[in-house]
Visitor: 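Take this structure, written in structure tokens, and hold onto it; I'll ask about it next.
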Amino acid sequence: MENMQSNLPLIACLISLGAVLPICLFGEKRRNLREASTILAGILKLSVVCMMVPLIAGGKVLNFTFIEIVPGIELAFKVDRFGIIFALVASSLWIVTSIYSIGYMRGLHEHAQTRFYAFFAVALSTTLGVAFAGNLLTLYVFYELLSMSTWPLVTHHQDKEAREGGRKYLTYLLGTSVGFLLPAMIFCYLKSGGNSLDFSQNGFVSSFVNEPTVAIVLLLLFVFGFAKAGLMPFHSWLPGAMVAPTPVSALLHAVAVVKVGVFCIIRVFTGVFGIEFLQELDIGQIVSYIAAFTVVVSSLIALSQDNLKRRLAFSTIGQLSYIILGISLLNVYGITGSMTHIAMHAFGKITLFFCAGAIFEATGKKYISEMVGIGKRMPITMIAFFIGAMSVIGLPFAGGFWSKFYLVWGTIANEQPVLLITFLASSLLNGAYFFPIVFKAFFCKPEESLFEDKIEEAHPAAVIALSITAIGTVMLFIFPNPLFDLAKAAATQFLS
Amino acid sequence: MIWSYDAILLILIVITAIVSLSIKDLISATITLGVFSFLLCLLWAEMGAVDVAFTEAAVGAGVSTVFLVATIYNTTRKSSD
Amino acid sequence: MKVFQTIIAVVLGALLIYAEADFPAWASSKSPANAGELSQYYIKNIYDETLVPNMVTAVLADYRGYDTLFETVVVFTAGLAIFAILGTGVMREKKTAVPAPKRIYSEPPFDLIVRISTRMLVPVIQLFALYVLAHGHHSPGGGFQGGVILAASFIMLELSSDLRAEAAKLTHRMSIWLGIIGIVIYAGWGTLSLFFGGHFLDYDMLQALFPLDPLMARSHSMLIVEVGVAFTVSSIMLLIFRQLVSGGYSIPDKQA
Amino acid sequence: MLQHAPVIHLLAPFYAAIIICIAGMWRKETAYPIAVTALSLSLLSAVATLIKVGIAGPVIYAMGGWSAPFGIHFHIDALSALMAVLIQVVALLTAIHSRHPIHSSIGEKSYLYYPLFLLFVTGVTGICQTADAFNLYVLIEVSALTSYALIAMGEKRSVHASFNYLLVGSLGATLYLLGVGYLYLKTGTLNMQDLNFIMTTRELFSTPTIQVALILLMVGLWIKMAQFPFHGWLPNAYTWAPSPSAALMGPLMTKVMVYVMIRFMISVYGLDAIVDSMWTTWVPYLAIAGIVYGSLMALSQHYLRRMVTYIIVAEIGYMVGAAWLATELSITAAFYHVISDALMTLALFLCIAAMRVRHDIRSIHDMENIFKKMPITMVAFSIVALSLVGIPPTSGFISKWYLISAGIDAGHWPYIIALLLASFANAVIFFRIFEIGVFGKKPAEGHHHEESHDKKYLSEAPFSMLIPCLVISASIILLGIFNQPFIEMISTTISSISGGEVLQ
Amino acid sequence: MDLQTLLVSKLNYWIFVILMIVGIWAIMSKNNLIKKIMGLAIFQAAVILFYVSLASKEHGTDIPIYPHDLIHPEHHGEVDHHVEEDSAKAHGAYEKHETAHHEEEHVKHSDDHDAHAEKDAHHDTHGDHQEAAHGVAHHDAHAPIADSINADDFNNPLPHVLMLTAIVVGVATLGVGLSLIQRVYRIYGSIEENEILEAIQNASDDGLTLQPEEEAAAQQE
């Protein structure tokens, strides 16, 4: 596990930030060049991340320190296995989302596309910043910058609901991060005698916290501080952010924002508190019960939603709580499951969002009740939708199956019947709110079908993007090993 | 530093201060303030602070009364309270 | 609303009375201020270090000369400030004829007694003012008092006779000039000592300029400083009076 | 000449004011260049003094050659050197900024405006360096008189606002004078170091006179710095003043008074005497009231300038609250916030003035699509906004970090909650502005509408106003990232002053 | 301490407190602007009363000016004496100046403050400071009169100096205040606080634009 100085993580972060310049320069007049520079930046970023993968897989940890902001803490990157998994997911999906948004934005003749692509690129660079963050302060810096850069994307439509959604988005994210996270972080910094907040093997909290009540309060402050993970009391910004155009909600739900929330919570569990310390104090239980509650309630609400995107939003809240549930099990299977579920859910959910966007772009339909018989009109989209749904539910032949398998295995290993039941029940509920859509789309009676029989897909770029992600979901099921080896190695390293 | 002379001056000073603030007509209020300043000048002289007395007389009483009268000249003479 | 203010005033009074119990007896020479090392040093050593019998002028112009410099700057700033605040009227009406308020510039009712007596008194007052300025070292007085009495003599002259004629003799531009000359004398003398290796306002360096012993150097530079102060104070007080009386419509200069 | 540096950066603006008075009467346009050159010269000498202090420790410059208690002298340690540099930076940038607004609004009297401007800078610089309590009163009066005139040259309502400021300001200064008188009565000296020396040797701190002196000093200084119950004069004064005066006095006048308060707390009374006094219990609650009041009023304002004044009142609450937690960390935090807040207030005033000049924007509702009209100024504005909210890379975040850590260190949780609420209120204020600025005012039905990209639409602020905005927002970020040297210098000075061995 | 001695021994301070209350009360509750300014003047005069009354000593102390006979003790036939005295003094002074200045320079910067900071007796440092200045005793007529003065029979000069400054500052503030009152009168046509606030309230514009000066209008009527 020897450390290695390298500025690869910095380059990876700065590529997309650098892409902002050509995007703004080309602007609206030379659109193709602008889109080309976005995709080029995406590919470059993915290549740099891929260059890092062999090094990390070989056990090295790349770190890069910039400047000491507060005595004892520097703005530092420390890339380990867990960070690289998330970075891979984020940078690969960015390329796909860029392709998709070309189709979507041009199809609907959206306004202010330059602003959209610029802020999208900034959001991605901050996401990678969070992925590579070496200590709690750097994590906080990029976490805040991500909220700032995604706000203009959420209020992209500039109409009433978009502004309400944007205000709600900011109130929740800024409120919880400044309200809970900042004091908790400073408390740790002060109480740990001013030495660094680095994510160490068994965390630095154990050095100054002994009685469990303080630990619980601190843990809850951190867990609710990262409101991006959408835990129950602070989740309603997520459905509110559905007003954004679909590539943004795809970014929000699959690629960057919510994943950053969950990523930070896992970092807090493993790097700040340390798994043994949590096991010893046995305070993982509380978080797992909160997560379980969120899973069940969000799945029930999703059932009642008629708007397709809102239903997908609530299903995301449920899936995120799976990940939090997994990490709070504090055993190898739970942690592996939660880490891999980040990737699996990302591919699954992004496909579903792309399909929702394609349907809206092609037919203008938003509500599920209007989508009876759409399978005949847009077969590829609906097949991709089916694959995505299978991955989210956790059925075989789609990536989600493996990660859910590990999560369930984790609950059994911990002899937690209650959590096991929640897992199974919520999988059933997932099925309950996804399969009716697919059945109605394909197997409805001819007289009920609202669409004629001729095939009329959405913008070709959009169809390509959603098919890539659907195929990706299936590939993840067939070749899960590279991802799972990384995840298992990371989990064992956290536990040892 | 004759104590009795000192006491009389102090009492007079307080009286002129309160009177100058309560007179409605501004010109006479200013004149009373001038009296207040000159009494102060007498008090300083009696207390041994000759330089301060001289300054109070020339600068404190002399010039500020002139400035006040000049301003009243340009604004109004009657005041509501 | 009045009740609220009286409460505040009374609270402040009570606060001060609470502290008064702890004051030393009123005129006791044992009180820390009077028996303190600072005042004892001043009373004992002023004549030996500055050859100036009037302790107050010595402390004012030499020991705490920096204070007095900024006091002169306060006076100069007040002049500038009033000129800036009230002068706005003048600038706008430059194009139109100055709508001088009728009362001020009309010929004051001709009053022989006032006119003649002021004309006789003014030179005496000005002489006294110069005496006060010059004898600041030996008797109470000095730059400020002398300057104000000088300004008072000019004010008396203007009040008794036609303000327009008087104002034309000494325009507001001239009084700002005099104010500047006064400050330049004072601050310039202080900066001069920088070039002779002393600290700012260190009067020992006059000895390097003229063959005088340092003590005489100090008392003479104090006189120079007092002259500077007198210049500023007299011209600025006159400027303030002129601005306040005419409400800012000072007589436009000849060339304007 | 270097050993006279402390005097040089005091006299440079002073002499420049006099030269402008003379030269201005003939050629009005000479005023601006003289002012800028003088201020840049004084900035250089201030930086030189700061470096000298950094290396050789506190610089003592005896005025008139008289030794410690008998004459007035400068005691320049790292705090006063930093304040001097801050003042010159703010003054220089405001002077550069002021060419356009002054020329347009009070052009013909610029030969009076700049001398008052420079005399204000002289007074404020003097305050930061003098070690004599009474001399501080005279310098407060110099800067106060100039600020009354600088305010009264603004819009119609500024005259009445300036008169109220005069009354309250003189009241505050005279209360300060009375407090110094009480100290002199008990100790016999006026020099700050000497006061501390005598008060510690004779254990005078508990005597009623010294306690009442502390009350008088603090009430006087709170009035001058517009701390919560005494802030009545500030909103009107800085809203109607001409924009360069507001940009000059907003960051400087109130912040220098906070410096004076800190100077009295640590150099005259000594931290250990203050820690166990009952002040440290009730003053933070007063500050919290100020923070909450300032933030709420700022939320409810529509006029930009008035909103900034209420933000100043809230920020003063931060500093006073932190200072009176009376630990070394909290005073370091308070002092660092003095510097970072001065820069932020200046940046706000400069950007708002730029918007006012080019697009006549006065209230939030006029700011429609301002990001398209003035992209560069709005980038500077958004950096400052993020800094006020406390988003990481900026100096606002670092000062919030130190303020909260001071709160936690002192275990004063209400103060921390007030800080967080205030930064959240700032977030609401500025994102409301961003919403209107970026997305336009009337919500567009549906989302198909074209936007105009023609050249006329895009009209940036004049060049001389744009440069200060950019320099300031860049310095906010730089101060945020490279804050260690400043924090280091401040904390060592404070610990050395209150650490017992009083540095002469 | 019974009331009589309390009242008698500190009458000045009582009057100072009363004047302070009158001043502050006038500033806050008087409606007329000129009355407010007069209240401020009274308030400042009260502070001056406080400073000067702490400077005076027991009865019979003298004004802070050295009496003539103390300064020039021998006045018989000083004409010829004078010339010789001057040259001696000039010579002695020059040579004394060299050492004093050098001494002072050195003393000022380094040890004077450390000596000052040490706990040992204050007085001797000043003693030797004094001796240093007079170490090279010049033998002419101007013998140091420092030790022949008893500090208690002169009033303390320092507060007098401070109050000189305070009075002049007070007048400067008064001048600026009165000029502001005149401008307020020109703009709003009245110097009563309540009338001014009404004028601001119902002023249609929000006071932002510098109207063509109402002053001209107010001035005409």
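Computed from a predicted model, the values in this text were never measured in an experiment. Lettering of chains follows the sequences in order, A, B, ..., and the numbering in each one begins at 1.
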Visitor: D:Gly71, D:Cys21, D:Ala17: which one forms the most heavy-atom pairs within less than 4.5 Å of chain C?
Guide: D:Cys21

Visitor: Using a 4.5 angstrom heavy-atom cutoff, name the option from D:Met63, D:Arg202, D:Gln211, D:Glu141 with the most pairs to chain C.
Guide: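 Most pairs with chain C among the choices: D:Met63.
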
Visitor: Between D:Thr130 and C:Tyr66, do the side chains contain a donor N or O and an acceptor N or O under 3.5 Å apart?
Guide: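 D:Thr130 and C:Tyr66 do not have a side-chain donor-acceptor pair below 3.5 Å.
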
Visitor: Does the C:Tyr42 side chain pair with the main chain of D:Phe70, one donor and one acceptor, at a distance under 3.5 Å?
Guide: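 Here the side-chain-to-backbone pair exists.
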
Visitor: Can you see which heavy atom on C:Phe70 is nearest to which on D:Val142, and at what distance?
Guide: O-CG2, 3.8 Å

Visitor: Which label fits D:Tyr61 and C:His199: parallel for a plane angle under 30°, tilted from 30 to 60°, or perpendicular past 60°?
Guide: perpendicular

Visitor: Taking all non-hydrogen atoms of both residues, which atom of D:Val138 and which atom of C:Val74 are closest, and how far apart?
Guide: O-CG2, 4.2 Å

Visitor: In this structure, which one of D:Leu139, D:Leu190, D:Asn135 forms a side-chain contact (heavy atoms from CB on, under 4.5 Å) with C:Asp67?
Guide: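 Running side-chain contact (heavy atoms from CB on, under 4.5 Å) over D:Leu139, D:Leu190, D:Asn135 with C:Asp67 returns exactly one hit, D:Asn135.
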
Visitor: Quick one: of D:Tyr113, D:Phe74, D:Tyr137, who has the most non-hydrogen atom pairs under 4.5 Å with chain C?
Guide: D:Phe74

Visitor: Heavy-atom distances under 4.5 Å only: say whether C:Ser193 touches chain D with side chain, backbone, both or neither.
Guide: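 Contact with chain D involves no heavy atom of C:Ser193 at all.
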
Visitor: Minimum heavy-atom separation for D:Phe14 and C:Ala187, please, with both atom names.
Guide: CE2-CB, 3.6 Å

Visitor: In Å and rounded to the nearest 0.5 Å, what is the CD1 to CG distance from D:Ile8 to C:Leu194?
Guide: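 It comes to 7.5 Å.
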
Visitor: Please flag which part of D:Ile215 lies under 4.5 Å from any non-hydrogen atom of chain C: side chain, backbone, both or neither.
Guide: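 Contact with chain C is through the side chain of D:Ile215 alone.
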
Visitor: How long is the straight-line distance from CG of D:Asp194 back to CG of C:Leu38, given to the nearest 0.5 Å?
Guide: 7.5 Å

Visitor: Testing the basics here: between D:Ala152 and C:Ile85, what is the closest heavy-atom pair and its distance to 0.1 Å?
Guide: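 That closest heavy-atom pairing would be CB-CG1, 3.9 Å.
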
Visitor: Side chain, backbone, both or neither: which part of C:Leu12 has an atom under 4.5 Å from a heavy atom of chain D?
Guide: side chain

Visitor: Rounded at 0.5 Å granularity, tell me how far CD1 in D:Ile22 sits from CD1 in C:Ile180.
Guide: 4.5 Å

Visitor: Can you confirm whether the side chains of C:Asp62 and D:Trp66 place a donor and an acceptor under 3.5 Å from each other?
Guide: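 Yes.
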
Visitor: Name the region of C:Tyr203, side chain, backbone, both or neither, that has any atom closer than 4.5 Å to a heavy atom of chain D.
Guide: neither

Visitor: Less than 4.5 Å to any heavy atom of chain D: does that hold for the side chain of C:Leu15, its backbone, both, or neither?
Guide: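 It is both, since atoms from each part get that close.
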
Visitor: Could you check if a side-chain atom of C:Phe200 sits within less than 4.5 angstrom of a side-chain atom of D:Leu11, using non-hydrogen atoms only?
Guide: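 A side-chain contact under 4.5 Å exists here.
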
Visitor: Looking at D:Leu178, D:Leu145, D:Thr209, D:Leu216, which one has more heavy-atom pairs under 4.5 Å with chain C than the rest?
Guide: D:Thr209

Visitor: Where on D:Ile19 is there a heavy atom nearer than 4.5 Å to chain C: the side chain, the backbone, both, or neither?
Guide: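 It is neither, since no heavy atom gets under 4.5 Å.
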
